[in-house]
Amino acid sequence: MQKPSIPKGTRDFTPAEMLRREYIFNTIRGVFKKYGYSPIETPAMENLSTLLDKYGEEGDKLLFKILNSGDFLSKTSLPSENPGDSNKFSLEISEKGLRYDLTVPFARFVVQNRNSINFPFKRYQIQPVWRADRPQKGRYREFYQCDADVIGSNSLLNEVELLQIIEEVFEALRVNITVKLNNRKILAGISEVIGEPEKLTDITVAIDKIEKIGPEKVIGELKERGLSDPAISALEPFLCMKEQNLELISRLKTLLGDSETGMKGIEEIENLFRLLTKIDSALNIEFDLTLARGLNYYTGAIIEVKANDAEIGSICGGGRYDNLTGIFGLPDVSGVGISFGADRIYDVLNQLELYPEGIVTATQILILNFGEKEQEYALSLAQQLRRAGIRTEIFPDSVKIKKQMNYANNQNIPFVLMVGEQEIINNSFTLKDMASGEQASLNPGEIISRLAEYQTD
RNA sequence: GUGAAUGUAGCUCAGUUGGUUAGAGCACUGGAUUGUGGUUCCAGGGGUCGUGGGUUCAAGUCCCAUCUUUCACCCCA
């Protein structure tokens, strides 16, 4: 017999773990709803044509592809006939793939359902995504994203609203965060001003690493990527700017004056900061010129959130994309969205033990099983308690009390109720508080009011 | 895709220069206690030593391959 196992980078979750995860999902979902976002779901798999070329070359490599059904080999050339081109071959035997994020399927959804959608469309979506990455710290092959996007509106109010959502979610989860903000138009402006507009991707990828590897190595990498020496020396002042937020904005105005796109980006971020002063936000926001974000489709604001007290990558990210639906045949529709990385948030909360107490238990009271007659009575008593909103279970088998007590302990059930012959006659039952060990003899009404004090949800 | 570490009971781990029948704690089962758990005491079950090959009289231990997990790079939530 083989040992059972699950695929690399995937995980099972026990009931105790799921209670913690549901707490995170419920918190995020609650905030999304509060701001008027509506839920949608899309299939786990998409046509590969929907997914390919949306995430850059690296992203394509990380797509999980699904083998066609049936005798697909008979319809295709054998791999030995085109050696070294397994990528091309894989497209001959695979036409579906697992979704890589929720934004691209959402864009596809919007285009496909454009006639029934009421714009501006505010949707949230909480579903798993898959990446064929090599797993490591905070990185899984299957993980949940919690997305909120507004599509069909250019207004910066949407960016502000998404920042409010970020603030509210992490405040509720009690995670201290720093929000990093940048704008792709500013990055485009920089590459224009230094005379290398086509090298925008190379430039952003390289300067994204500046904190990690330092300016010298970034310059080295840019040389490798074919950036000219005059362009590099023109770029250098941008790499070592120490100004913050508003000062940085005014400094950039003098440097990017020649780039229309760049100035537009500055104007956007300036307005965003101005709007933020109106909402009484305590968010710790940094305008970070080195924030690039990999996903190719971003065109305006880009947002990334880091946990201050835990060593893990970003726990939330997003930005504005002006033409993602254009690829699917619906041009000139701008969208902006954020994505919470639920699994990383889960790791942060586990690391810092930030869960509230009430979530470790589902059942509030266990009715012990004393035998055939007693369990019939317990059945109706349990129903009374449940109607009063108390999460109740009956131990299904009339086994030793020790075992039933042990079950209550292991499940973290705070109360057990003894329903024996004497208790039934007196209509008064022994309620035991499992934490203190105290017992009291109470009638059903008294039990309900006693339990009501422990309502936590 | 590149580089490194790791794998022994359900879980966390010990296992000497290669040498008889591979151990502990926790968990589980039974009992001390037939209606009182979380503490205690006694007893018990549970192992293809990740997998496959090789070296050797002899491999958990050494060598090779492969898989898993973990960490870093690339990239990313």
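Nothing here was measured: the structure is a model prediction, and the numbers come from that model. Just so it is clear: chains get the letters A, B, ... in the order the sequence lines come, proteins before strands, and each one is counted from 1. All values below come from the heavy atoms of this structure, side chains included, with hydrogens, waters and symmetry mates left out.
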Separation between the [atom1] atoms of [N] and [M], rounded to whole Å:
N	M	atom1	value
G52(B)	U12(B)	P	22 Å
C41(B)	U33(B)	C1'	12 Å
U68(B)	G1(B)	P	11 Å
U61(B)	U70(B)	C1'	23 Å
U39(B)	G50(B)	C1'	39 Å
U55(B)	C64(B)	P	15 Å
U56(B)	U66(B)	P	23 Å
G25(B)	A58(B)	P	35 Å

Phe429(A)-Tyr377(A) aromatic ring centre distance below 6.0 Å: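 Between Phe429(A) and Tyr377(A), the centre distance is under 6.0 Å.
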
Taking the six-membered ring for Trp and the single ring otherwise, decide whether the centroids of Tyr144(A) and Tyr346(A) are under 6.0 Å apart.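 No - the distance between ring centres of Tyr144(A) and Tyr346(A) does not fall below the 6.0 Å cut-off.
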
Side chain [X] and base [N] donor-acceptor under 3.5 Å:
X	N	answer
Lys432(A)	U36(B)	yes
Gln404(A)	U36(B)	no
Asn409(A)	G37(B)	yes
Glu423(A)	G35(B)	yes

Could you state the CZ-P distance from Arg11(A) to U68(B), rounded to the nearest angstrom?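 Result: 17 Å.
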
To the nearest Å, how far apart are Phe340(A) CZ and A77(B) C1'?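 The distance from CZ of Phe340(A) to C1' of A77(B) comes to 12 Å, rounded to the nearest Å.
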
If you check the [X] side chain, which of [options] turns out closest?
X	options	answer
Met434(A)	C76(B), G37(B), A72(B)	G37(B)
Lys8(A)	A77(B), U36(B), U68(B)	U68(B)
Gln136(A)	A77(B), U36(B), C73(B)	C73(B)
Glu58(A)	G37(B), U29(B), C74(B)	C74(B)
Leu62(A)	C75(B), U36(B), A77(B)	C75(B)

Is there a side-chain contact between [X] and [Y] in this structure, where contact means two heavy atoms from C-beta onward sitting under 4.5 Å apart?
X	Y	answer
Gln404(A)	Val416(A)	no
Pro197(A)	Glu192(A)	yes
Ile424(A)	Phe370(A)	no

Report yes if a side-chain nitrogen or oxygen of [X] is closer than 4.0 Å to either non-bridging phosphate oxygen (OP1 or OP2) of [N]; otherwise report no.
X	N	result
Lys402(A)	U36(B)	no
Lys209(A)	C75(B)	yes
Lys400(A)	G37(B)	no

Once you apply the 3.5 Å cut-off to both distances, tell me the Watson-Crick or G-U wobble partner of [N], or none.
N	result
G25(B)	C11(B)
A4(B)	U70(B)
U34(B)	none
C76(B)	none

Identify whether a stacking contact exists between Phe370(A) and G35(B), where the ring centres must be under 5.5 Å apart and the planes under 30° apart.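 Not stacked by the 5.5 Å and 30° rule.
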
With sugar-phosphate meaning primed atoms plus P, OP1 and OP2, does [X] contact a base, only sugar-phosphate, or nothing at under 4.0 Å between heavy atoms?
X	answer
Gly9(A)	sugar-phosphate
Tyr144(A)	nothing
Ser314(A)	sugar-phosphate
Glu438(A)	nothing

For RNA chain B, whose closest nucleotide is more 5', that of Arg134(A) or that of Arg131(A)?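 Upstream on the strand: Arg134(A).
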
Given that Pro135(A) and Arg344(A) both sit by RNA chain B, which one's nearest nucleotide is further toward the 5' end?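 Nearest-nucleotide comparison on RNA chain B picks Pro135(A).
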
Is there a donor-acceptor pair closer than 3.5 Å between any side-chain N or O of Asn182(A) and the backbone N or O of Leu291(A)?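 It does hold such a pair.
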
Does Arg184(A) reach the main-chain N or O of Tyr298(A) with its side chain, forming a donor-acceptor pair under 3.5 Å?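 Between the backbone of Tyr298(A) and the side chain of Arg184(A) there is a qualifying donor-acceptor contact (under 3.5 Å).
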
